[in-house]
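The sequence lines fix the lettering, A, B, ..., with proteins before strands; numbering per chain opens at 1.
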Amino acid sequence: MDKPFAITLDPGSSLANKTGSWRTFKPVYLDRLPPCNNQCPAGEDIQGWLFHAESGNYEAAWRHLTRDNPFPAIMGRVCYHTCEGACNRGRVDEPVGINSVERFLGDEALKKGWKFAPPAAESGKHVLVVGAGPSGMSAAYQLRRLGHRVTVYEAGPMTGGMMRFGIPKYRLPREVLDAEMQRILDLGVTLKLDTKVDNLLAAMQAGGFDAAFLAVGAHIAKRAFIPAGDSARVLDAVAVLRSMENEDKPMLGRRVVVYGGGNTAIDVARTAKRLGAEPLIVYRRTRDKMPAHDFEVEEALQEGVMVKWLSTIKQAGGADGTSITIEKMELDANGHPQPTGELETLEADTLVLALGQDVDLGLLNGVPGLEIRDGTVQVDRNMMTGYAGIFAGGDMVPAERNVTVAIGHGKKAARNIDAWLRGGSYAPAPKHELAAFEKLNPWYYSDAPKTVRPMLDIIRRQSTFDEVQGGLDESNALFEARRCLSCGNCFECDNCYGVCPDNAVIKLGPGKRFQFNYDYCKGCGVCVSECPCGAIKMVAEDI
Amino acid sequence: MSHQEIKFYQTGTFTVGNRLLEPDQRSVQASMERTNSLNSGHRACQGCGEALGARYAIDAAMRATGNQLIAANATGCLEVFSTPYPETSWQVPWIHSLFGNTAAVATGIAAAMKIKRQKGDRRDVRVIAQGGDGGTTDIGFGCLSGMWERNDDVLYICYDNEAYMNTGVQRSSATPPAARTATTMPVGPEPGNVFGQGKNVPRIAMAHGIPYVATATVADLRDLEYKVTKAMSVRGARYIHIFVPCPLGWGAASHDTVKLARLAKESGLFPVFEAEYGEVTGVSKIRRPVPVEEYLKPQRRYAHLFGKQPHVETIAKIQAIADANIRRYGLLEAGAH
Ligand SMILES: Cc1cc2nc3c(=O)[nH]c(=O)nc-3n(C[C@H](O)[C@H](O)[C@H](O)COP(=O)(O)OP(=O)(O)OC[C@H]3O[C@@H](n4cnc5c(N)ncnc54)[C@H](O)[C@@H]3O)c2cc1C
Ligand SMILES: Cc1ncc(C[n+]2csc(CCOP(=O)(O)OP(=O)(O)O)c2C)c(N)n1
Ligand code: SF4
Ligand SMILES: [Mg+2]
């Protein structure tokens with residue numbers, strides 16, 4: 001008998017009075033969809049993996065993350081992290097540094113040598129993946145984990161696609177790329193390098209494949225008609241960047257003019273700078289209209305890349321091939337650039353065109369039922385092309401062109417291929433309602449400004465290909481993870497358990513969350529108002 | 001302020017608990033073993049701040065005394081909703097006194113416990129007296145002042161919901177200016193309660209020079225627990241005044257109870273501080289300054305101040321009260337606006 005002082009008998013307890021009968025509304029626990037997860041093109045459960053990182057269990061965090069994306073170390077460097085733009089914490093102080101924590105987890109996994117678990121059972125099916133870029137390798141990974149035999153045909157001499165032959169080393173060190181690719185191969189994925197697929201149906205038949213996922217990217221540089229003298233040296237940006245991976249570095253000369261305003265233009269200009277040239281970007285419209293991300297433009301400017309906005313190239317290769325003529329533009333009432341007739345001549349040893357890429361669809365010749373529009377292959381909701389069993393994703397289908405989207409396509413296609421091979425169709429879990437900022441009670445989060453990642457000093461950024469952006473260490477990665485508000489998902493702060501005036505919340509213990517005791521809950525709703533993360537809502541009782 | 005700040009764990013010291021905290025950093029309310037001194041099944045209204053405040057305070061006192069505690073309780077909602085015959089919600093030895101004499105009853109119990117100890121009882125049983133603002137600032141005030149003046153070994157806790165709620169929301173000397181109650185109707189040139197001197201019981205307690213005086217709200221659990229725990233570590237007369245919103249009497253939504261307590265503190269209308277032997281020794285700074293309107297508006301007892309023609313002057317007078325508190329207790333961090 002563990003009774004307090006002076007109590008010997010059980011009094012008639014008020015527990016006999018079931019106040020739950022007063023209720024007209026009742027609180028229920030729910031998981032809402034955090035805006036970061038909702039935004040992520042790869043479908044990562046960001047809040048879910050941050051939850052593990054918050055407790056310092058980095059391996060659990062990494063395993064949770066890699067259910068959706070096998071490349072956290074790459075992601076943590078090249079992903080454009082639109083999740084951070086959607087992050088609710090941005091409304092409190094600054095968004096959570098999701099990308100920097102992801103990189104920390106990715107690097108930690110490489111350091112510790114964490115491996116993926118092999119599939120539990122073999123399906124006996126064999127899937128062909130064409131292209132070892134992010135989309136193809138993401139699909140290969142997911143398919144392998146689902147128990148399928150996977151063979152990847154890659155035209156080039158190495159894996160990575162545009163991540164290797166486009167994205168420069170100073171943003172993505174090749175050891176990182178190699179290691180994350182190798183880890184997928186270690187799962188038992190077969191890779192055939194220098195194997196270009198010219199005729200898909202023939203290749204599928206020859207290899208006895210049950211389905212195929214195509215992810216050949218977009219590698220054919222777009223040209224613009226620019227009158228050029230014989231001696232003009234005109235190159236395309238992707239070719240320049242690709243040649244950076246070879247022994248012989250591109251010969252660019254001193255004065256390099258880059259034409260275009262996208263990320264590729266920026267990368268090629270920054271590369272030229274590092275090779276000792278003086279790069280100048282020429283772009284038709286204004287800075288805010290540049291398709292390149294502003295942080296990349298900013299970094300390029302810091303490194304000494306020059307930009308001429310509101311300018312087009314009229315003529316390349318002057319008399320001696322060392323000049324170009326540009327024309328000033330002005331924006332009309334609709335914001336479109338219009339020529340002004342005002343010309344200027346600039347010195348230029350090389351003109352590099354960075355005007356985007358088209359898809360090489362040659363391998364699809366003779367495949368019936370396909371729909372090609374604007375040079376891209378149309379796919380349905382399940383990433384399947386018009387030919388049953390052939391799926392496609394990444395840069396070759398109509399979508400935003402970036403690594404994260406490509407990885408998301410690979411995952412989605414893999415799930416659908418798996419379902420298709422098993423004779424069914426893949427039904428994604430229904431989306432939870434959004435954990436909008438208005439559902440949170442931000443009072444409870446203490447002030448914690450974002451951790452800034454270190455940047456390489458400017459001199460080394462101008463002259464070497466060393467990685468520009470540094471990573472977080474254990475202590476600040478943990479801090480950054482803990483800045484997560486856990487939008488829409490209980491993180492066991494005990495608030496509901498504490499604030500209930502009726503003691504009608506049952507605490508189930510660590511990791512088990514809470515439960516309402518509806519015998520006594522009067523339905524006041526204080527728990528809903530005081531839940532920091534919006535993981536409870538009121539629903540009407542049917543009376 | 002006074003209680004131990006927890007280093008950043010997403011939520012600092014603001015939430016009840018957090019799975020990442022060391023057990024010794026968790027609040028009493030976060031514990032699966034808390035005593036639930038005021039148990040489920042009580043008949044307080046939905047969202048009652050008084051029921052919440054009482055469980056917070058008595059659970060903390062139980063933890064601080066190793067469950068060696070007796071509580072005396074004045075008439076008022078807290079008594080009526082917790083002990084309708086033949087049931088009780090109390091899981092603590094508890095005695096009902098009258099409306100006005102709780103302090104004296106507690107004094108008597110404390111004296112009896114002292115004699116028992118002198119006669120060899122090794123248990124150190126501590127005593128709490130508790131009541132509403134009516135029972136404290138009005139009818140029980142003589143007994144309370146005597147208890148302080150004699151420095152009796154009692155912690156007196158006042159649950160301040162700013163009116164006589166149990167009997168139908170009549171004005172008390174703790175009812176704030178302009179508030180509507182059943183006896184201060186919103187009619188005439190100065191609707192609602194008068195702008196008077198009021199009766200600031202925490203300051204009167206300080207004037208008695210007793211060892212410990214503190215104010216708290218149900219919006220800052222850790223601060224409240226810290227103060228109750230500290231009070232139980234001290235001998236002699238102690239007084240804690242807890243601000244407890246009353247959804248029924250204030251005409252507020254039941255889910256806004258904690259929010260209103262928070263706004264009362266953040267606007268400066270209810271200063272949260274502690275004092276030892278008559279000197280203020282700590283104040284809870286305002287974290288997110290808000291104008292008084294934000295606190296007043298959700299409450300129907302102030303509805304007559306808003307509507308089509310807002311009583312700007314009256315609201316300004318209430319703001320002036322908040323501003324005076326902010327100055328007197330230094331409630332703003334240096335640099336805060
Ligand atoms: C300079 C540059 C910088 C970029 N920077 C970023 C960035 O920072 N962040 C970001 O998210 N995105 C960036 N992108 C975009 C990103 O690289 C692409 O969107 C992404 O790589 C597309 O992935 P994918 O798998 O669809 O195609 P790819 O990465 O292009 O891979 C396709 C692969 O298929 C192979 N292949 C092609 N045809 C055949 C065939 N017939 N048979 C066999 N194999 C074939 C190719 O050799 C290649 O390896 C950048 C792009 C460029 C050009
Ligand atoms: C001597 C005496 N007068 C009047 C009453 C009626 N009465 C009971 S509770 C109460 C008001 C209680 O107000 P307060 O102390 O503020 O507590 P609350 O109900 O607001 O919590 C009154 C007037 C009484 N019980 N005894
Ligand atoms: S009237 Fe007010 S104090 Fe009384 S039980 Fe209801 S909410 Fe609580
Ligand atoms: Mg009262």
Pick one of side chain, backbone, both or neither for [X], based on which atoms fall under 4.5 Å of a heavy atom in chain A.
X        : result
B:Gln91  : backbone
B:Tyr85  : neither
B:Val258 : both

Given a strict heavy-atom distance threshold of 4.5 Å, which part of [X] is in contact with chain B: side chain, backbone, both, or neither?
X        : answer
A:Leu485 : neither
A:Phe51  : both
A:Lys18  : neither

Rounded to the nearest 0.5 Å, how far does [atom2] of [Y] lie from [atom1] of [X]?
X        : Y        : atom1 : atom2 : value
A:Lys522 : B:Cys45  : NZ    : SG    : 7.5 Å
B:Phe81  : A:Asn17  : CZ    : CG    : 12.5 Å
A:Ser14  : B:Leu38  : OG    : CG    : 7.5 Å
B:His42  : A:Tyr520 : NE2   : OH    : 11.0 Å
A:Asp519 : B:Ser40  : CG    : OG    : 9.0 Å

Ignoring hydrogens and geometry beyond distance, is a side-chain donor-acceptor pair present between B:Asn18 and A:Asp494 at under 3.5 Å?
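No.
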Does A:Tyr497 reach the main-chain N or O of B:Ser31 with its side chain, forming a donor-acceptor pair under 3.5 Å?
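Confirmed, A:Tyr497 side chain pairs with B:Ser31 backbone.
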Is the backbone N or O of A:Gly523 less than 3.5 Å from a side-chain atom of B:His255, with the two atoms forming a donor-acceptor pair by type?
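Pair absent, no side-chain N/O of B:His255 close to backbone of A:Gly523.
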Any chance [atom1] of [X] has more than 12 other-residue heavy atoms, nucleotides or ligands included, within less than 6.0 Å?
X        : atom1 : value
B:Lys297 : NZ    : no
A:Lys507 : NZ    : yes
B:Arg300 : CZ    : no

Flag the pair [X] / [Y] as yes when at least one side-chain heavy-atom distance between them is below 4.5 Å, and no otherwise.
X       : Y        : result
B:Leu20 : A:Arg482 : yes
B:Glu87 : A:Ser13  : no
B:Arg55 : A:Asp502 : no
B:Arg19 : A:Glu54  : yes
B:Phe8  : A:Arg483 : yes

Any chance you could lay out the side chain to side chain contact (heavy atoms under 4.5 Å, CB included) test for B:Arg262 and A:Asn441, step after step, and finish with the verdict?
CA-CA 12 Å; B:Arg262 188 158 56 231; A:Asn441 186 336; 3.3 Å; yes
Tell me which of these, [options], has more heavy-atom pairs under 4.5 Å with chain A than the rest.
options                             : result
B:Ser27, B:Ser82, B:Ser89           : B:Ser89
B:Gly12, B:Pro84, B:Gly17, B:Ala253 : B:Gly17
B:Gln29, B:Lys259, B:Met32          : B:Met32
B:Val125, B:Asn67, B:Leu221         : B:Val125

Cationic tip of B:Arg287 above A:Trp443 ring, under 6.0 Å, 45° of axis
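Yes, B:Arg287 sits over the ring of A:Trp443.
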In terms of heavy-atom pairs under 4.5 Å, which option from [options] contacts chain B the most?
options                               : value
A:Gly509, A:Pro532, A:Cys500          : A:Cys500
A:Met538, A:Glu530, A:Glu492          : A:Glu530
A:Cys527, A:Pro510, A:Ser446, A:Gly56 : A:Ser446
A:Asn517, A:Thr19, A:Asn503           : A:Asn503

Which pair of non-hydrogen atoms, one from [X] and one from [Y], has the smallest distance, and what is that distance?
X        : Y        : answer
A:Cys524 : B:Ser254 : O-OG, 2.7 Å
A:Pro501 : B:Cys48  : CB-O, 3.6 Å
B:Tyr56  : A:Val499 : OH-CA, 3.5 Å

Would you call B:Arg288 and A:Asp447 a salt bridge, using N to O less than 4.0 angstrom?
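Counted as a salt bridge, because a side-chain N and a carboxylate O are separated by less than 4.0 Å.
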Given the side-chain rings of A:Tyr445 and B:Phe14, with only the six-membered ring counted for Trp, is the space between their centroids under 6.0 Å?
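A:Tyr445 vs B:Phe14: aromatic centres not under 6.0 Å.
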